[in-house]
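Quick notes on the structure that follows.
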Amino acid sequence: MIDTHCHLDLIAREGPSAEQCLLEAEQAGLEAVVQIATDLESSRFNESLAASWNGRADTELRLYWTAGLHPENGERHDLLPGIFKILRENRDRGDLIGIGETGLDYFHTKEFVEEQKEALRQHLNLAVELNLPVVIHTRDDRQYVKGSCQAVTDTLRMVRERPGLTGVLHCFTYSYEEAMPFVELGWKISFSGILTFKNSHTLHEAAIRLPLECLMVETDAPYLAPVPHRGKGNMPAYVASTL
């Protein structure tokens, strides 16, 4: 059991420490956690935390990590050289598992769409160079609206321009139809606690219809706690409820 996407740095700002979260995750039966970056600061945090945690002798839980720039920060191209330097320097470390999160977010603002696309292109090109998978964030609306999937469509076009590139659509909130073109390219689809919400009918159908081998689960902690923890701050241990 693995939490494939969380933000321990954000949890630690107001709640338990990253180390405490990981200990509780191990007690809940997890064997690994993937710590995801959103900017240069979190990329550095991930690099440091993984080095210290994976050197401990008192735990078997493995911490994996990524480095990347979230699309909500997509106009901050000035951060990319530092982030990409971390990725290149740690490429051969066994705990660096991917690039991201990156992607396209048209929900919060469309002011920086072209800047987001350029940042995504640079992430995808580096993924090809380093032969690493990409963690993709796509968002168009607060919840799935049929026909409103431009972020996914734009991302798919860019992915298809790079044959062999692999990755995961994290916190998937679309339908089976949006997922399958990625699955056919060998990509994974990751479900968050939203899957446990009773009105998430489109996600329920997608989870049932998609091939089992392409499915992953995540918390996206501290966000989107699953039932029965909904309304609380999310924790990696809670991924068991979504699974």
Side-chain angles (χ1 to χ4, degrees), residues 4-5 34 36-40 43 65-92 96-141 144-191 206 209-211 213-216 218:
T4 64
H5 191 118
V34 184
I36 304 295
T38 56
D39 55 20
L40 180 56
S43 297
W65 61 285
T66 69
L69 187 68
H70 193 286
E72 288 181 33
N73 303 317
E75 79 280 8
R76 291 297 309 275
H77 291 182
D78 58 300
L79 300 179
L80 292 177
I83 293 170
F84 290 178
K85 183 174 185 287
I86 290 173
L87 286 162
R88 288 192 171 97
E89 288 178 346
N90 290 277
R91 173 62 186 89
D92 295 326
L96 175 65
I97 203 170
I99 294 177
E101 61 187 282
T102 181
L104 300 173
D105 190 312
Y106 299 162
F107 174 72
H108 289 289
T109 177
K110 295 188 178 181
E111 183 180 358
F112 299 109
V113 167
E114 291 309 313
E115 288 85 352
Q116 285 188 35
K117 288 181 178 178
E118 177 56 29
L120 177 56
R121 287 188 194 98
Q122 292 191 41
H123 280 81
L124 298 183
N125 290 340
L126 185 64
V128 172
E129 175 191 330
L130 300 181
N131 192 29
L132 284 170
V134 187
V135 180
I136 292 290
H137 167 112
T138 55
R139 193 177 187 192
D140 287 281
D141 291 283
Y144 177 74
V145 177
K146 188 174 182 179
S148 181
C149 54
Q150 193 61 47
V152 177
T153 301
D154 290 347
T155 300
L156 179 61
R157 184 181 66 253
M158 295 170 71
V159 166
R160 281 176 167 164
E161 292 171 352
R162 296 160 177 84
L165 179 67
T166 60
V168 54
L169 295 184
H170 116 83
C171 192
F172 187 71
T173 56
Y174 295 84
S175 73
Y176 170 86
E177 284 73 21
E178 279 79 53
M180 275 309 296
F182 287 89
V183 173
E184 290 166 354
L185 295 173
W187 281 54
K188 306 293 186 183
I189 308 298
S190 183
F191 290 97
R209 293 180 63 190
L210 287 167
E213 60 268 21
C214 82
L215 302 185
M216 302 202 310
E218 64 173 87

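Only heavy atoms go into these numbers, but all of them, side chains included; no hydrogens, no water, no symmetry mates.
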Quick one: pull up [atom1] in [X] and [atom2] in [Y] and give me the separation to the nearest 0.5 Å.
| X | Y | atom1 | atom2 | value |
| --- | --- | --- | --- | --- |
| L185 | L156 | CG | CG | 6.5 Å |
| R88 | L126 | CZ | CG | 5.0 Å |
| E72 | R139 | CD | CZ | 7.5 Å |
| T173 | F191 | OG1 | CZ | 10.0 Å |
| L120 | D154 | CG | CG | 9.5 Å |
| F112 | D105 | CZ | CG | 13.0 Å |

Can you find a heavy atom in the side chain of [X] that is under 4.5 Å from one in the side chain of [Y]?
| X | Y | value |
| --- | --- | --- |
| I97 | T66 | yes |
| E111 | E75 | no |
| I136 | T102 | yes |
| L132 | L96 | yes |
| H123 | F84 | yes |
| T4 | V168 | no |
| P71 | K117 | no |
| D140 | F107 | no |

For [X] versus [Y], what's the shortest heavy-atom pair and its separation?
| X | Y | value |
| --- | --- | --- |
| C171 | E218 | N-OE1, 2.7 Å |
| W187 | V134 | CZ3-O, 4.1 Å |
| A179 | I189 | CB-CD1, 3.9 Å |
| Y174 | A151 | OH-CB, 4.2 Å |
| A127 | L165 | CB-CD1, 3.6 Å |
| A67 | I86 | CB-CG2, 4.3 Å |

Report task. May I ask you to say whether E184 pairs ionically with R160, meaning some side-chain N is under 4.0 Å from a carboxylate O? Result ->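 No, no charged N to carboxylate O under 4.0 Å.
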Query raised in the report: Are D39 and R76 close enough for a salt bridge, meaning some N to O gap below 4.0 Å?
Result: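 Looking at R76 together with D39, the answer is no, because their closest N to O distance does not fall below 4.0 Å.
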Report task. Please lay out, stage by stage, how E118 and R121 fare under the test side-chain contact (heavy atoms from CB on, under 4.5 Å). Result -> CA-CA 5 Å; E118 177 56 29; R121 287 188 194 98; 3.4 Å; yes
Verify, without hydrogens or angle tests, whether [X] (side chain) and [Y] (backbone) share a donor-acceptor contact under 3.5 angstrom.
| X | Y | result |
| --- | --- | --- |
| R209 | Y176 | no |
| E115 | H77 | no |
| K188 | E213 | yes |
| E178 | S175 | yes |

Query raised in the report: Under 30°, 30 to 60°, or over 60°: which ring-plane class applies to H170 and H137, parallel, tilted or perpendicular?
Result: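 Geometry flag for H137 against H170: tilted rings.
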Requested in this report: Consider only side-chain N and O atoms of T153 and Q150, and report whether a donor and an acceptor are under 3.5 Å apart.
Outcome: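 Not at all, the side chains of T153 and Q150 share no donor-acceptor pair under 3.5 Å.
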Query raised in the report: Taking atom types as modelled and ignoring hydrogens, do the side chains of H5 and E101 form a donor-acceptor contact shorter than 3.5 angstrom?
Result: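 A donor-acceptor contact under 3.5 Å links the two side chains.
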**Report entry** Step-by-step side-chain hydrogen bond (donor to acceptor under 3.5 Å, both in side chains) determination, R162 to N125
**Finding:** CA-CA 8 Å; R162 296 160 177 84; N125 290 340; 2.8 Å; yes
Query raised in the report: Can you tell which of L124, L69, L87, V135 makes a side-chain contact (heavy atoms from CB on, under 4.5 Å) with I99?
Result: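 Only match with I99 under side-chain contact (heavy atoms from CB on, under 4.5 Å): L87.
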